[in-house]
2 protein chains.
Amino acid sequence: MATTERQPGKASPRDRLLDAAARLSYQDGVSVGIEALCRAAGVSKRSMYQLFDSKDAMLAASLERRIPWYEAQLAHPDPGSATPRERILYVFEQLARASLDAGYHGCPYLAVLVELKDPEHPASVVARGVKEALAARFRTEAEQGGAREPELLARQLVLVFDGASARAGAGVERLDDGLVMATVTALLDAAGVRQA
Amino acid sequence: MATTERQPGKASPRDRLLDAAARLSYQDGVSVGIEALCRAAGVSKRSMYQLFDSKDAMLAASLERRIPWYEAQLAHPDPGSATPRERILYVFEQLARASLDAGYHGCPYLAVLVELKDPEHPASVVARGVKEALAARFRTEAEQGGAREPELLARQLVLVFDGASARAGAGVERLDDGLVMATVTALLDAAGVRQA
DNA sequence: CACGGTATACACCGATCGGTTTCTTTCGTG
DNA sequence: CACGAAAGAAACCGATCGGTGTATACCGTG
């Protein structure tokens with residue numbers, strides 16, 4: 001066999017590393033040491049450096065790998081039968097839901113951008129892509145919803161999204177009452193997004 | 001004399017340290033080394049540890065010292081003749097203005113909360129206080145402006161404030177067009193804050 | 001002048017940083 | 001069974017981390 005298969009109980013070293021990197025860098029910040037990462041992943045440092053060129057590359061890869069899951073988390077379960085307004089609101093419902101988790105520390109991609117202040121860092125490039133994709137999604141929904149200025153509304157929505165996730169993650173705000181929903185609703189109404 | 005006076009050209013080691021700490025921790029993140037801080041301040045490491053108990057304490061002190069300047073930056077120059085709405089809008093005008101600076105990396109207090117994920121960290125306590133003060137200020141203005149739900153509006157405004165500063169600081173958004181003003185105006189209108 | 005607090009310079013501490021090297025074990029495949 | 005690639009264990013690299021110990025120079029005050 002060309003590629004070695006793994007039994008369900010044991011993921012490949014690569015996957016274990018990416019999972020540990022995602023979890024620990026989110027929990028403790030991007031400055032976690034590779035020693036700690038490898039220990040948590042049960043992988044030797046030697047193996048890690050055969051799989052990735054550097055810590056930076058592994059961090060970027062771990063962020064990249066989470067993108068499909070992250071975006072699916074925010075996607076309406078039945079996009080066909082939902083209105084653009086409902087699909088937009090669903091994103092923020094999910095944000096508010098996720099923020100209730102005890103281990104919530106805000107949007108991991110925004111956190112990475114804030115922590116690594118270097119825009120050239122490979123992980124920053126990945127994170128920026130995620131943010132742009134979210135804005136693009138909002139823009140599409142805004143257009144379909146009949147917003148007067150779809151581009152403006154989309155940028156307003158990511159503003160609220162990042163503000164809410166950052167503040168909730170920092171523990172200075174709670175999203176479990178109607179805060180985000182009320183805010184987004186006000187913006188949708190002001191932009192003229194159709195109710196139905 | 002009890003306290004040693006300094007001639008204008010040379011600040012005290014304590015002030016030089018606090019200035020360097022504020023500047024470098026903002027520029028490079030809170031993980032900057034003490035060695036680098038002391039070098040930038042022109043102060044020996046030994047002196048630093050005689051003035052502060054720890055790096056954490058010095059970081060907290062440097063944040064604390066910037067509070068009056070930071071809050072004055074956001075305060076309307078002529079509060080008496082301005083309406084609550086104008087005073088609120090002025091905060092965001094100033095935010096947009098500051099974000100144009102080449103060295104802008106977002107609100108330093110929010111950045112500290114995001115970077116040090118530890119809410120117990122002395123610097124986090126200071127930062128949280130600043131954020132609470134901003135919310136309180138918005139709440140007061142909202143009440144005076146006749147908002148239907150002053151508390152809700154205040155929380156919405158800090159959401160936008162932190163979202164805008166974080167995104168501008170991360171370089172994924174520009175505030176120099178009317179983005180924040182349009183957003184805040186929409187929220188003020190929705191909350192029923194008086195125009196005049 | 002002599003004193004005492006302040007600051008400096010600099011070596012040092014154990015720990016950890018990102019990254020490399022060497023050697024050994026494991027394991028699927030021929 | 002024998003082979004070779006993958007993975008692991010652990011020592012090692014120079015650098016830096018936060019923090020100390022020690023000894024010396026400065027400087028305003030008594």
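A note on names: the letters A, B, ... follow the listed sequences, proteins ahead of strands, and every chain is numbered from 1.
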> Side-chain N or O of R16(A) less than 4.0 angstrom from OP1 or OP2 on dG8(D)?
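Indeed, a polar side-chain atom of R16(A) lies that close.
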
> Taking protein heavy atoms under 4.0 Å as touching, what does nucleotides 22-27 of chain C look like 5' to 3' if B marks base contact, S marks sugar-phosphate-only contact and - marks none?
B-----

> Check the distance between dT16(C)'s P and E35(B)'s CD and give it to me in whole angstrom.
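Nearest whole value for this atom pair: 18 Å.
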
> Find the distance I34(A):CD1 to dA10(D):P and express it as a whole number of Å.
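Checked: the CD1 to P distance equals 17 Å.
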
> Can you check the K45(B) NZ to dT8(C) P distance for me, whole Å?
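Going from K45(B) (NZ) to dT8(C) (P), I get 14 Å.
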
> Students often mix this up, so state it plainly: with edges at 30° and 60°, are the rings of H76(B) and Y90(B) parallel, tilted or perpendicular?
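Taking Y90(B) first and then H76(B), their aromatic rings sit tilted (interplane angle of 30° to 60°).
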
> Ignoring backbone atoms, test whether S44(B) places a side-chain nitrogen or oxygen under 4.0 Å from the OP1 or OP2 oxygen of dT8(C).
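For dT8(C), OP1 or OP2 has a side-chain N or O of S44(B) closer than 4.0 Å.
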
> Please report the C-alpha distance between K131(A) and L110(A) in whole Å, then the side-chain angles of each, then the deciding distance to 0.1 Å, and finally whether the side-chain contact (heavy atoms from CB on, under 4.5 Å) criterion is met.
CA-CA 8 Å; K131(A) 287 295 153 190; L110(A) 181 64; 4.1 Å; yes

> According to a strict under-4.0 Å criterion, is S47(B) in side-chain N/O contact with OP1 or OP2 of dT8(C)?
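True: S47(B) side-chain N/O within range (under 4.0 Å) of dT8(C) OP1/OP2.
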
> Any side-chain N or O of Y49(B) less than 4.0 Å from the OP1 or OP2 oxygen of dG19(D)?
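For Y49(B), the contact criterion (side-chain N or O under 4.0 Å from OP1 or OP2 of dG19(D)) is met.
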
> Return the minimal non-hydrogen interatomic distance between R16(B) and G42(B), and the atom names on each side.
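Result for this residue pair: NH1-O, 3.1 Å.
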
> When the nearest nucleotide of DNA chain C is assigned to V43(B) and to V30(A) on a heavy-atom basis, which residue is associated with the more 5' position?
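The residue closer to the strand's 5' end, by nearest nucleotide, is V43(B).
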
> I need the CG-P distance between D15(B) and dA7(C), as an integer number of Å.
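In whole Å, dA7(C) P lies 11 Å from D15(B) CG.
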
> Could you state the atom-to-atom distance from CG of L51(A) to C1' of dA5(D) in whole Å?
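That distance rounds to 13 Å.
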
> Counting neighbours of CG on D53(B) that are heavy atoms of other residues, nucleotides or ligands and sit closer than 6.0 Å, is the number greater than 12?
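Atom CG in D53(B) is not crowded, with 12 or fewer foreign heavy atoms closer than 6.0 Å.
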
> Take Q50(B) and D56(B), find for each the nucleotide of DNA chain D with the closest heavy atom, and name the residue whose nucleotide sits nearer the 5' end.
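Its nearest nucleotide lies further toward 5', so the answer is D56(B).
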
> Can you confirm whether T185(B) sits close enough to R85(B) that some side-chain heavy atom of one is under 4.5 Å from a side-chain heavy atom of the other?
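Yes, their side chains come closer than 4.5 Å.
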
> Would you mind reading off the distance between F52(A) atom CZ and dA7(D) atom C1', rounded to a whole angstrom?
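Taking CZ of F52(A) and C1' of dA7(D), I get 14 Å after rounding.
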
> For R97(B), look at atom CZ and say whether over 12 heavy atoms of other residues, nucleotides or ligands are found less than 6.0 Å away.
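It does: R97(B) CZ has more than 12 such atoms within range.
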
